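Worksheet for the structure shown next.
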Amino acid sequence: MSDQARILKFQIFRYNPLKPGDKPRMVTYEVTEAPGMTIFIALNDIRENQDPSLQFDFVCRAGICGSCGMVVNGRPDLACRTLTSKFPDGEIKLLPLPGFELIGDLSVNTGKFMRAMSERVESWIHDINADEVNYEKLEERMDPEVADQIYELERCVECGCCVSACATKRMRPDFLSAVGFMRLARYSLDPRDKRTDEEFYEIIGDDDGVFGCMTLLGCEDYCPKDLPHQTQIAYLRRKMVQVR
Amino acid sequence: MKVIYTDSLIIGGGLAGLRVAIAAKQRGYESIILSLIPAKRSHSAAAQGGMQASLGACVKGDGDDEDVHFGDTVKGSDWGCDQDVARMFVNTAPKAIRQLATWGVPWSRVQGGDRDVVINGEKVTITEKHEAQGLITARDFGGTKKWRTCFTSDGTGHTMLYAMDNKAIQMEIPVHERKEAIALIHEDGVCNGAIVRDLITGELIAYVAKATVIATGGYGRLYSVSTNSVISEGIGTAIALETGIATLGNMEAVQFHPTAIVPVGILTTEGCRGDGGLLLDKDGYRFMPDYEPDKKELASRDVVSRRMTEHMRKGKGVSSRYGDHLWLDITLLGRKHIEKNLREVKEICEYFLGIDPVKEYIPVRPTQHYSMGGVRTKPTGESPTLKGLFSAGESACWDMHGFNRLGGNSVAETVVAGMIVGEYVADHCAANPLKVSTATIEHFMKKEEKKITDLLVRDYGENPFELKAEMQKIMMDDVGIFRNGEDLAKAVEELKVLNQRAKNIALRNRISSSNPELVEAIRVPKMIKLAQCVAYGALLRTESRGAHAREDYPERNDRDWLKRTLTTWTDDSSDLPEVAYEDLDVMRMEMPPGSRGYGVDNTVHHPDTEKRVAQVEEIKKANPTADRHEMQELLNPLTIPEKFKGKNERIGRGYK
């Protein structure tokens with residue numbers, strides 16, 4: 001990285017729906033680049049030194065909590081771990097993730113969406129005996145490989161990038177989206193969850209579910225955690241087709 | 001005035017808060033969780049390496065049990081912890097982890113047979129027992145006698161938090177997101193809920209409850225560089241302080257983690273060293289064995305952080321534009337291991353440093369990481385001075401960590417405290433009708449409304465972002481890993497000035513709804529008060545214990561300082577908290593004070609220590625047939641909620 005500081009040009013979507021008379025617009029801010037600068041650092045710099053009203057969401061700033069999904073130069077991504085040095089011309093355009101309720105500027109309500117998704121796919125272990133388990137005893141054994149496979153699918157951080165990158169979701173507002181399929185795939189893989197394929201079918205066996213997917217696979221292309229969306233959607237589809 | 005009633009109000013949606021809510025709901029009490037963010041984004045998710053529970057299933061955990069875990073925890077705390085609480089904790093941790101297994105955490109499991117590991121820089125083959133196949137496995141962590149840290153790759157906190165939040169969703173526990181508690185409501189020494197600001201609309205809402213639980217995490221962001229999430233600003237702790245009634249415990253006890261990446265301070269897990277990673281200096285030399293020949297890189301965190309700092313002060317650090325650092329070398333673990341068990345670390349290195357840790361060293365240095373201090377509670381989780389106020393997790397000084405927390409004991413505390421405190425919260429809800437006058441609610445509501453109005457109408461004044469940055473720099477420079485009287489006194493004086501300036505904040509963006517500057521303006525004065533509690537407590541404590549290391553008082557002084565610092569802020573016009581102390585009773589300790597086994601033991605002993613050691617010996621002699629459970633009952637009779645009292649089973653050992 002060069003010691004010569006560049007001037008970065010941020011074009012940022014601004015709109016506060018709660019401010020009477022406010023209109024959506026793009027505003028340009030200039031920031032002096034620092035070594036190792038991320039979009040997280042740059043946005044805080046803008047808020048602290050130029051415009052204290054700028055809204056955005058960061059929590060862990062380490063790429064693990066999924067708070068900071070936004071559209072960075074046309075690609076949904078985690079802003080906190082995006083280095084500004086990645087952009088040779090120093091121009092960075094930021095938009096809020098589409099497909100979610102806008103709170104203001106770059107902040108969207110992914111929480112509300114994800115809670116609804118979790119409720120819809122019943123994102124928990126279904127086992128009527130689970131509450132009767134005696135925790136003093138040795139835990140139920142699990143194949144180490146299976147545990148690793150479940151973790152592989154559980155790495156989703158609910159950032160919402162897959163939802164924003166999904167063309168089907170744009171056409172079908174109630175489309176479950178890749179985040180929901182991944183969650184369901186995770187539970188269908190888990191031997192502790194006693195749900196049958198028929199029960200899973202009730203959740204995703206329609207056009208707002210896995211049969212609606214147009215297989216454009218924006219989810220696969222933009223998932224910041226490189227989750228195997230394509231494989232899982234194909235797997236769920238095959239499984240669901242066999243149900244009826 | 002908008003008022004919402006519930007049985008228990010839980011402030012904070014991380015592991016501890018969720019677990020308390022689940023416990024209360026299971027007992028039939030309505031719970032509402034308030035969270036700044038969606039619960040699954042809480043800082044609990046950032047715990048990478050694991051959760052300690054003495055399951056003893058992996059071969060290197062053979063012989064582990066509650067007693068060994070207890071010993072490690074008490075030693076790790078430098079005898080500053082509450083041993084009753086540490087005991088409750090270690091006895092309950094195996095149940096907590098097994099419960100989480102049924103709730104969906106895909107804990108990494110034992111694979112019977114040979115496997116290659118790295119121990120002390122050497123490749124070694126160990127043989128896992130076939131009869132343990134499929135049980136929850138564990139890795140090595142610092143300051144522990146056994147491999148006890150259970151994990152899912154290095155995404156342990158993430159999987160625990162997801163399982164816990166999913167359980168809460170299953171139980172239909174509402175999480176009111178983007179809500180910030182900015183003051184507690186209390187009357188006649190009883191807490192009745194909180195005044196809460198909606199971070200989107202700006203509306204103030206009174207949440208009125210029989211039990212109010214603070215589970216807002218630590219106060220790491222009082223420092224300019226911290227591994228903590230940006231929301232770990234201690235606001236829950238601060239609103240307890242601002243009641244003038246609730247006490248804070250051991251606020252000066254602040255932990256620095258040895259291996260955060262430079263410069264941004266993002267954590268690389270202790271699992272890196274637990275799995276065999278080494279610390280190297282600018283010459284590529286492994287220096288830790290010179291300082292700590294026994295535990296080396298896996299000494300307790302406070303010890304490793306100090307040794308690293310010492311070594312850098314000798315000119316052995318790698319210089320960079322961001323100051324000196326050292327190297328963390330995990331290349332010897334190999335690609336396969338790193339991509340399976342340290343994948344978050346790998347991602348972090350790739351994204352934030354542009355390096356591949358399979359081939360390259362990671363630049364690290366000790367960085368603020370954990371707050372041992374917090375809202376002082378009884379073993380039940382309730383404040384000893386403000387009835388109906390509870391706290392659990394990092395925000396609490398329940399006090400199982402004393403002056404230094406062991407790696408892997410943090411997420412373990414969140415879920416165990418959640419279970420135990422949750423039961424007492426339910427008991428409280430059962431025993432206490434809601435009694436609060438609407439005039440009281442209105443009084444607190446008006447007070448907060450006025451503060452916000454004042455901020456919105458003031459034309460000229462201080463910039464909250466600048467105040468915060470100044471505070472963070474003071475804490476960083478003068479209240480860090482090594483402390484001394486002169487720097488601390490300077491910090492206290494400078495914080496007094498900041499506390500005055502914080503009364504005169506003015507905003508550039510003067511709207512009452514969603515407004516990040518207003519959020520900052522509400523928080524910063526609270527944070528400065530907390531910072532002062534840390535700095536002043538550190539100045540007064542003229543000894544070194546755990547993570548509190550005074551260069552001018554290098555010895556641990558049990559004679560004068562075997563006590564817990566209690567801080568209150570009764571006078572709002574004051575620039576300093578009131579400080580009192582609570583003695584730790586040596587004569588009741590299951591494990592009387594001794595040496596931690598690091599460096600030279602220069603402890604100034606407490607007059608009761610020898611007496612208690614002799615007494616413990618006598619009890620042991622008088623009960624030659626007592627097994628370890630009976631012995632524990634004799635040495636440390638405990639009150640644990642009935643449902644967690646049972647003995648824990650282990651492979652090859654049964655319930656012994």
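Just so you know, these numbers come straight off a predicted model, no measurement behind them. Note: hydrogens, waters and symmetry copies are ignored here, and every other heavy atom, side chains too, is used.
Looking at A:S107, only its side chain comes within 4.5 Å of chain B, counting heavy atoms on both sides. Using a 4.5 Å cut-off between heavy atoms, A:N44 makes no contact with chain B at all. For chain A, the nearby part of B:I348 is the side chain; its heavy atoms alone come within less than 4.5 Å. Looking at B:L36, there are no atoms closer than 4.5 Å to chain A (heavy atoms on both sides), in backbone or side chain. Only the side chain of A:I103 has a heavy atom closer than 4.5 Å to any heavy atom of chain B. For B:V105, the part sitting under 4.5 Å from any heavy atom of chain A is the backbone (N, CA, C, O) and nothing else. Using a 4.5 Å cut-off between heavy atoms, B:R178 touches chain A through its side chain atoms alone. For B:R653, no part lies near chain A; criterion is any non-hydrogen pair under 4.5 Å. Contact annotation for A:D131: only side-chain heavy atoms (C-beta onward) come within less than 4.5 Å of a heavy atom of chain B. In this structure, no portion of B:A57 lies under 4.5 Å from any heavy atom of chain A. With a 4.5 Å cut-off on non-hydrogen atoms, B:T227 touches chain A through its backbone but not through its side chain. For B:Y322, the part sitting under 4.5 Å from any heavy atom of chain A is the side chain, from C-beta outward, and nothing else. Looking at B:S226, only its backbone comes within 4.5 Å of chain A, counting heavy atoms on both sides.
When A:D143, A:I150, A:V133, A:D148 are compared by the number of non-hydrogen pairs under 4.5 Å with chain B, A:D148 comes out ahead. When the candidates A:I64, A:I125, A:V59 are compared by the number of heavy-atom contacts under 4.5 Å with chain B, A:V59 comes out ahead. Comparing A:K112, A:R47, A:R186, A:R115 by how many heavy-atom pairs each has under 4.5 Å with chain B, the most go to A:R115. Here A:S123 is the residue among A:C60, A:C80, A:S123 with the most heavy-atom pairs under 4.5 Å with chain B. Comparing A:F56, A:Y151, A:F58 by how many heavy-atom pairs each has under 4.5 Å with chain B, the most go to A:Y151. Of the listed residues B:N166, B:I97, B:N509, the one with more heavy-atom pairs under 4.5 angstrom with chain A than any other is B:N166.
Between A:V157 and B:H158 there is a side-chain heavy-atom pair separated by less than 4.5 Å. By the 4.5 Å heavy-atom criterion applied to side chains, A:K19 and B:S513 are not counted as neighbours. Side chains of A:R61 and B:I266 form a contact here, defined as non-hydrogen atoms less than 4.5 Å apart. A:E119 is not listed as a side-chain neighbour of B:E172, based on a closest heavy-atom distance of 4.5 Å or more. Within the 4.5 Å cutoff, no side-chain heavy atoms of A:D127 are placed close to those of B:T102. Within the 4.5 Å cutoff, the side chain of B:F352 has heavy atoms near those of the A:R81 side chain. Residues A:M142 and B:W107 form no side-chain contact, since every pair of their non-hydrogen atoms from C-beta on lies 4.5 Å or further apart. B:V230 is listed as a side-chain neighbour of A:F40, based on a closest heavy-atom distance under 4.5 Å.
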Original post:
B:Q170 and A:E122: side-chain contact (heavy atoms from CB on, under 4.5 Å), yes or no, with the steps?
Top reply: CA-CA 7 Å; B:Q170 179 191 1; A:E122 301 187 7; over 6 Å; no

**OP:** Mind running side-chain contact (heavy atoms from CB on, under 4.5 Å) on A:D57 and B:I37 for me, showing each step along the way?
**Re:** CA-CA 9 Å; A:D57 293 320; B:I37 52 169; over 6 Å; no

**OP:** Evaluate the criterion side-chain contact (heavy atoms from CB on, under 4.5 Å) for residue pair B:E177 and A:N109; output intermediate values, then yes/no.
**Re:** CA-CA 10 Å; B:E177 290 173 11; A:N109 203 336; 4.1 Å; yes

Subject >> side-chain contact (heavy atoms from CB on, under 4.5 Å) between A:N16 and B:I511, intermediate numbers included >> reply: CA-CA 11 Å; A:N16 182 354; B:I511 61 168; 3.7 Å; yes

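For the pair A:K225 and B:E344, the salt-bridge criterion is met [side-chain N within less than 4.0 Å of a carboxylate O]. Between B:R98 and A:E139 there is a salt bridge, with a side-chain nitrogen of the basic residue lying less than 4.0 Å from a carboxylate oxygen of the acidic one. A salt bridge links B:E347 with A:R155: the distance from a Lys NZ or Arg NE/NH1/NH2 to an Asp or Glu carboxylate oxygen falls below 4.0 Å.
A donor-acceptor pair under 3.5 Å links the side-chain atoms of B:R41 to the main chain of A:G66, judged by distance alone. Side chain of A:R192 to main chain of B:A101: a donor-acceptor pair is present (N/O by atom type, distance under 3.5 Å, no hydrogens or angles).
Taking all atoms of both residues into account, the shortest heavy-atom contact from A:E154 to B:P106 is OE2-CD, 3.6 Å. Taking every heavy atom of both residues into account, B:P38 and A:G111 meet most closely at CG-CA, 3.5 Å.
Atoms CG and CD, on A:N49 and B:E466 in that order, are 8.0 Å from each other to the nearest 0.5 Å.
Counted within 6.0 Å of CD on A:E140, heavy atoms from surrounding residues, nucleotides or ligands total 12 or fewer; the atom is thus considered open. Atom NZ of B:K656 sits in a sparse spot, with 12 or fewer heavy atoms from other residues, nucleotides or ligands closer than 6.0 Å. For A:K194, the NZ atom counts as densely surrounded, since its 6.0 Å shell holds more than 12 non-hydrogen atoms of other residues, nucleotides or ligands.
Checking A:S118, A:S67, A:C65, A:C156 one by one against B:K40, the side chain to side chain contact (heavy atoms under 4.5 Å, CB included) holds for a single residue, A:S118.
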